Enquirer: 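Below you'll find the structure I mean.
We use all heavy atoms of the structure for the numbers below, so side chains are in, but hydrogens, waters and symmetry mates are not. Here the structure is a predicted model, which is why all the values come from computation and not from measurement. So that the names make sense, note that chain A is the first sequence line, chain B the second, and so on, each numbered from 1.
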Amino acid sequence: MAIEDFSLKEIGYFVPEIFFLENTVEVAQKLLGKILIVYDEAGNLLGGRIAETEAYLSTNDAASHSYCGITKRNSAMFAIGGTVYVYRSYGVHFCMNIVTEQENIGAAVLIRSIIPMFGLDIMKRNRMKDDLRVLCNGPGKLTQALGISLFDNFKKINNSNIHILDDGCKLDFITTKRIGITKSADLPLRFVII
DNA sequence: ATATGGATGCTCT
DNA sequence: GAGCATCCATATG
């Protein structure tokens, strides 16, 4: 809690909560280029630039965890925009989302990839990999590198040890189908910086 | 360069 | 008991 935020201000502006209350697709696109920062338990600053996101919608999206309504597992996804939603994937990995729009809507953006920038040594240790290219290039990989787990479910962006900063970086991106799903698999809801 | 299959655990039917 | 918003090692072109 006693987090040294002043050092983060040298990196960029804190994204305000209202940023996450907008349309989910727009938030997913605008998150590209933003900087994800996590302080681990030892106080190390870890993170990098968001390079790939996917939008999961509240309606007409069978791949979205919110599609069948609220359950214990997905309840964080129905919190207000700016809430962190973490779930366990394939029994082995964690995936991190940021909830979008208003409370009780059930939409979120999956962070699929970041470009490592801060805390490289710690992230390498967390991942047991030295190759920067495979450190954070996948949703399960980046949570492992950053030490994100179910413990982080329901945390608030910029009001916890998890932050999103804007350093003004604007990057071109492409839009594709989402990865690793079978339902609603053709929707163009994945965004990747070029 | 692309394709497969195994590990893993929890949620929901 | 099925089915996953995955990763990695291994196997093949």
Side-chain angles (χ1 to χ4, degrees), chain A residues 20 23-32 34 36 38 46-48 50-79 81-101 104-116 120 122-155 157 162 164 173-193:
Chain A
F20 299 104
N23 170 274
T24 301
V25 170
E26 244 175 74
V27 175
Q29 295 172 349
K30 287 183 179 171
L31 274 173
L32 296 172
K34 299 283 189 291
L36 172 63
V38 174
L46 313 177
I50 297 174
E52 180 181 348
T53 60
E54 284 179 356
Y56 286 87
L57 309 180
S58 60
T59 55
N60 300 315
D61 182 2
S64 177
H65 285 177
S66 62
Y67 187 69
C68 298
I70 190 165
T71 66
K72 187 173 181 181
R73 179 196 192 214
N74 68 12
S75 60
M77 195 169 170
F78 290 84
T83 303
V84 174
Y85 167 44
V86 181
Y87 65 90
R88 187 185 290 275
S89 170
Y90 291 91
V92 196
H93 301 103
F94 297 111
C95 292
M96 176 186 172
N97 301 255
I98 303 176
V99 179
T100 56
E101 307 189 35
N104 267 313
I105 296 293
V109 175
L110 171 67
I111 311 297
R112 282 195 62 88
S113 174
I114 66 173
I115 300 165
L120 302 185
I122 307 291
M123 294 202 290
K124 286 176 182 175
R125 195 182 68 198
N126 290 346
R127 289 271 299 123
M128 293 179 289
K129 305 271 179 192
D130 279 338
D131 187 344
L132 286 182
R133 292 171 300 182
V134 302
L135 212 54
C136 301
N137 66 330
K141 298 180 191 180
L142 74 90
T143 55
Q144 185 180 32
L146 297 171
I148 298 280
S149 72
L150 292 178
F151 182 73
D152 300 293
N153 201 25
F154 278 107
K155 282 184 178 175
I157 295 292
I162 305 176
I164 299 286
F173 66 91
I174 57 169
T175 301
T176 76
K177 297 173 185 178
R178 292 174 294 184
I179 302 287
I181 58 173
T182 53
K183 294 171 287 190
S184 298
D186 289 332
L187 298 178
L189 293 175
R190 173 173 173 255
F191 312 103
V192 192
I193 65 172

Enquirer: Nearest to the side chain of Cys95(A), heavy atoms from C-beta on, is which of dG9(B), dT6(C), dC4(C)?
Expert: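 My answer, after comparing the listed nucleotides, is dT6(C).
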
Enquirer: Hey, what are the protein-to-nucleotides 3-7 of chain B N/O distances that come in under 3.5 Å?
Expert:
none

Enquirer: Scan Asn97(A) against the nucleic acid and name what it touches under 4.0 Å (heavy atoms): base, sugar-phosphate only, or nothing.
Expert: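 Contact class for Asn97(A): base.
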
Enquirer: With heavy atoms under 4.0 Å as the rule, sort Met77(A) into base, sugar-phosphate or nothing.
Expert: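 Met77(A): base contact, heavy atoms under 4.0 Å.
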
Enquirer: Roughly, in whole Å, what's the span from CD1 in Ile148(A) to C1' in dT6(C)?
Expert: 17 Å

Enquirer: Measure NZ/Lys183(A) against P/dA2(C) and give the value in whole Å, please.
Expert: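 In whole Å, dA2(C) P lies 16 Å from Lys183(A) NZ.
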
Enquirer: Could you spell out the base pairing of DNA chain B in dot-bracket, with Watson-Crick or G-U pairs whose two distances are under 3.5 Å, [ ] crossing and | to another strand?
Expert: |||||||.||||.

Enquirer: Round to a whole Å and report the spacing from OH of Tyr87(A) to P of dT6(C).
Expert: 6 Å

Enquirer: Below the 4.0 Å mark, does dC8(C) have OP1 or OP2 next to a side-chain nitrogen or oxygen of Lys141(A)?
Expert: yes

Enquirer: If I take atom OH in residue Tyr67(A) and atom P in nucleotide dC4(C), what distance separates them, rounded to the nearest angstrom?
Expert: 14 Å

Enquirer: Round to the nearest Å and state the distance from Arg178(A) atom CZ to dC4(C) atom P.
Expert: 14 Å

Enquirer: Heavy atoms under 4.0 Å, any strand shown: does Arg127(A) hit a base, just sugar-phosphate, or nothing?
Expert: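 If one applies the 4.0 Å heavy-atom cut-off, Arg127(A) turns out to touch the sugar-phosphate alone, with no base involved.
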
Enquirer: Quick one: label Leu110(A) by what it contacts on the DNA or RNA (base, sugar-phosphate, nothing), any heavy atom closer than 4.0 Å.
Expert: base

Enquirer: Can you tell which of dA5(C), dC4(C), dT6(C) lies closest to the side chain of Tyr85(A)?
Expert: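 Ranking dA5(C), dC4(C), dT6(C) by closest atom to the Tyr85(A) side chain puts dA5(C) first.
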
Enquirer: As a test of reading the structure: which of dA9(C), dC4(C), dC7(C) is closest to the side chain of Lys129(A), going by heavy atoms?
Expert: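 So the side chain of Lys129(A) is nearest to dA9(C).
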
Enquirer: For the side chain of Arg73(A), starting at C-beta, report the closest nucleotide among dT11(B), dC10(B), dT6(C).
Expert: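 Of all the options, the side chain of Arg73(A) is nearest to dT11(B).
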
Enquirer: Round to a whole Å and report the spacing from CG of Asp131(A) to C1' of dC7(C).
Expert: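 Going from Asp131(A) (CG) to dC7(C) (C1'), I get 15 Å.
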
Enquirer: For His65(A) and dC10(B), give me the distance from atom NE2 to atom P, rounded to whole Å.
Expert: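 After rounding, the gap between these two atoms is 15 Å.
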
Enquirer: Quick one: do Asp131(A) and Lys129(A) make a salt bridge, cutoff under 4.0 Å?
Expert: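 Not counted as a salt bridge, because no side-chain N and carboxylate O are separated by less than 4.0 Å.
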
